Q: 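Just passing along the structure, written as structure tokens.
Just so we're clear, the structure is a prediction, and the values are computed from it rather than from any experiment. Lettering of chains follows the sequences in order, A, B, ..., and the numbering in each one begins at 1.
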Number of protein chains: 2
Amino acid sequence: MTEARKVRALEVLHAHGKRITAQRALILEIIEGSEGHLDAGEIYRRARAKDPRISLSTVYRGLNLLQELGIVSELHLDEEHHHYELKDETVHHHLICSRCEKVVEFDSSLVDRLVSQVSAEEGFTIERVHVDLVGLCPECRAREGS
Amino acid sequence: MTEARKVRALEVLHAHGKRITAQRALILEIIEGSEGHLDAGEIYRRARAKDPRISLSTVYRGLNLLQELGIVSELHLDEEHHHYELKDETVHHHLICSRCEKVVEFDSSLVDRLVSQVSAEEGFTIERVHVDLVGLCPECRAREGS
DNA sequence: GTACTTGCAAACTGTTTGCACATCA
DNA sequence: TGATGTGCAAACAGTTTGCAAGTAC
């Protein structure tokens, strides 16, 4: 099933006249099987475990291509680097634990209401919506004591 | 009035045993009189217009200090660099024009409702909330035609 | 006077690019 | 075979740091 998404992604590559190389398939596989939200460095590290000869620039080029074709999205969860996830049909936003960095996805109709309200008030035509909530996840809060 | 905020900021500096240098005052002045949301490079450029001898590292160090003391906040409006604004008592979020890069601040009680809802559902204790809506501002939409 | 700040240059991190070689269709 | 993709090294942008000289208090 998650496998099906990878196959679909590879078809999109092919449909755009791009080659399906071992490296690209590997990058997709890693993003797929990872709860998403990895950064390029981490994808590179994991890729090297499977194929020690892959280069960091190939990872970046692969991610950029996948992004152009709409297969993955680039996130800006923190200030320092980009993170990537498989693009999903369902819109969702991110809850990020400030201690363990875990990312949980959520969606809420309140977001849509917010967008309608703000766009009506300010006259913007909204194209993209980013909602990131940062805080302690239940596990870290428990561990935290207090 | 906006002047008053700068004075207050300088007092905070002083209260923390930090010196009030011409460079720090200049950085504050620039952020103050700028509709906010400048990045370090732009602050540096404007600072040099007033004091050609200021260095980029001084700007970065100043911004980091101001941030540590809670006087300015660092934003991540786009992927590439940090932006800074004077920290305000009132919470607000950002509407960003994808064409002219203009930033409009907004707030809405729907955001608070969203936070309560999500934190109740997922068990997170929310510490920070980022809502960024990206789209065309009214002016750019008009100019755009279509 | 002395601790804090600055300017400069050099280091670092994340990301992109030029180029020769490899490779898939 | 010819267009595409890869690996490597070098280039970049944004940001940070070490150090000697300068400055606020």
Q: Quickly work out the B:Leu65 CG to C:dA3 P distance and round it to whole Å.
A: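 The answer, rounded to whole Å, is 19 Å.
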Q: To the nearest Å, give me how far apart CZ (A:Arg24) and P (C:dT23) are.
A: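 Answer to the nearest Å: 15 Å.
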Q: Taking 4.0 Å as the cut-off, does a side-chain nitrogen or oxygen of A:His82 come that near to OP1 or OP2 on C:dT15?
A: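 Looking at the OP1 and OP2 atoms of C:dT15, one of them is under 4.0 Å from a side-chain N or O of A:His82.
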Q: How long is the line joining NE2 of B:His83 and P of D:dA13, in whole Å?
A: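 It works out to 17 Å between those atoms.
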Q: Salt bridge between A:Arg99 and A:Glu139, side-chain N to carboxylate O under 4.0 Å?
A: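 Not counted as a salt bridge, because no side-chain N and carboxylate O are separated by less than 4.0 Å.
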Q: Looking only at the side chain of A:Ile54 (C-beta and beyond, no hydrogens), which of the listed nucleotides D:dT15, C:dG7, D:dG7 gets closest?
A: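 My answer, after comparing the listed nucleotides, is D:dG7.
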Q: Is the distance from OP1 or OP2 of D:dT16 to the nearest side-chain N or O of B:Tyr60 less than 4.0 Å?
A: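 Result: no.
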Q: Applying a strict under-4.5 Å side-chain criterion to I, L, V, M, F, W and Y, I'd like to know whether B:Leu114 and A:Val134 cluster together.
A: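 No, no single cluster joins them.
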Q: Round to the nearest Å and state the distance from B:Arg45 atom CZ to D:dA13 atom P.
A: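 Going from B:Arg45 (CZ) to D:dA13 (P), I get 12 Å.
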Q: I need the B:Asp132 CG to B:Leu75 CG distance, nearest 0.5 Å.
A: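 Between atom CG of B:Asp132 and atom CG of B:Leu75 there are 8.0 Å.
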Q: How many whole angstroms separate atom CD of B:Glu42 from atom C1' of D:dG14?
A: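 My rounded result for the distance is 15 Å.
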Q: Across the strands shown, which category fits A:Leu56 at heavy-atom distances under 4.0 angstrom: base, sugar-phosphate, nothing?
A: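 Base contact - A:Leu56 has a heavy atom under 4.0 Å of at least one base atom.
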Q: Given C:dT6, is OP1 or OP2 found less than 4.0 Å from the side-chain N or O atoms of B:Arg61?
A: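 Result: no.
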Q: Which distance, rounded to the nearest 0.5 Å, do you find between the CD1 of A:Ile54 and the CZ of A:Arg24?
A: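 Here the interatomic distance stands at 11.0 Å.
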Q: Any salt bridge (Lys or Arg N to Asp or Glu O under 4.0 Å) involving residues 37-63 of chain B? Give me the pairs, sequence neighbours left out, ordered by first then second residue.
A: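 Output for this query lists B:Glu42-B:Arg45, B:Glu42-B:Arg46.
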Q: Would you say a side-chain N or O of B:Thr58 is under 4.0 Å from OP1 or OP2 of C:dG7?
A: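 It does, given that an N or O in the side chain of B:Thr58 lies less than 4.0 Å from OP1 or OP2 of C:dG7.
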Q: Kindly state which residues belonging to residues 12-23 of chain B come within less than 4.0 angstrom of DNA chain C, counting heavy atoms of the residue only, listed by number.
A: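 Correct list: B:Lys18, B:Arg19, B:Thr21, B:Gln23.
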Q: Expressed in angstrom and rounded to an integer, what is the separation of B:Asn64 atom CG from D:dT15 atom C1'?
A: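 These atoms are roughly 9 Å apart.
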Q: Can you measure A:Tyr44 atom OH to C:dT16 atom P for me and round it to whole angstrom units?
A: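 To the nearest whole Å, that distance equals 16 Å.
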Q: Whole angstroms only, please: what is the CG-C1' distance between B:Leu75 and D:dG14?
A: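 Result: 17 Å.
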Q: Return each pair, listed once, that meets ring-ring contact (aromatic ring centres under 6.0 Å, His included) where at least one residue sits in residues 98-140 of chain B; pairs must be two or more places apart or across chains.
A: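 Non-adjacent pairs meeting ring-ring contact (aromatic ring centres under 6.0 Å, His included): B:His93-B:Phe106.
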Q: So, for B:His14 and B:His16, is the gap between ring centers shorter than 6.0 Å?
A: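 Distance test on ring centres: not under 6.0 Å, no.
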Q: By nearest nucleotide on DNA chain D, pick out whichever of B:Asp39 and A:Ser57 is the more 5' one.
A: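 Mapping each residue to its closest nucleotide by heavy atoms, the 5'-most match is A:Ser57.
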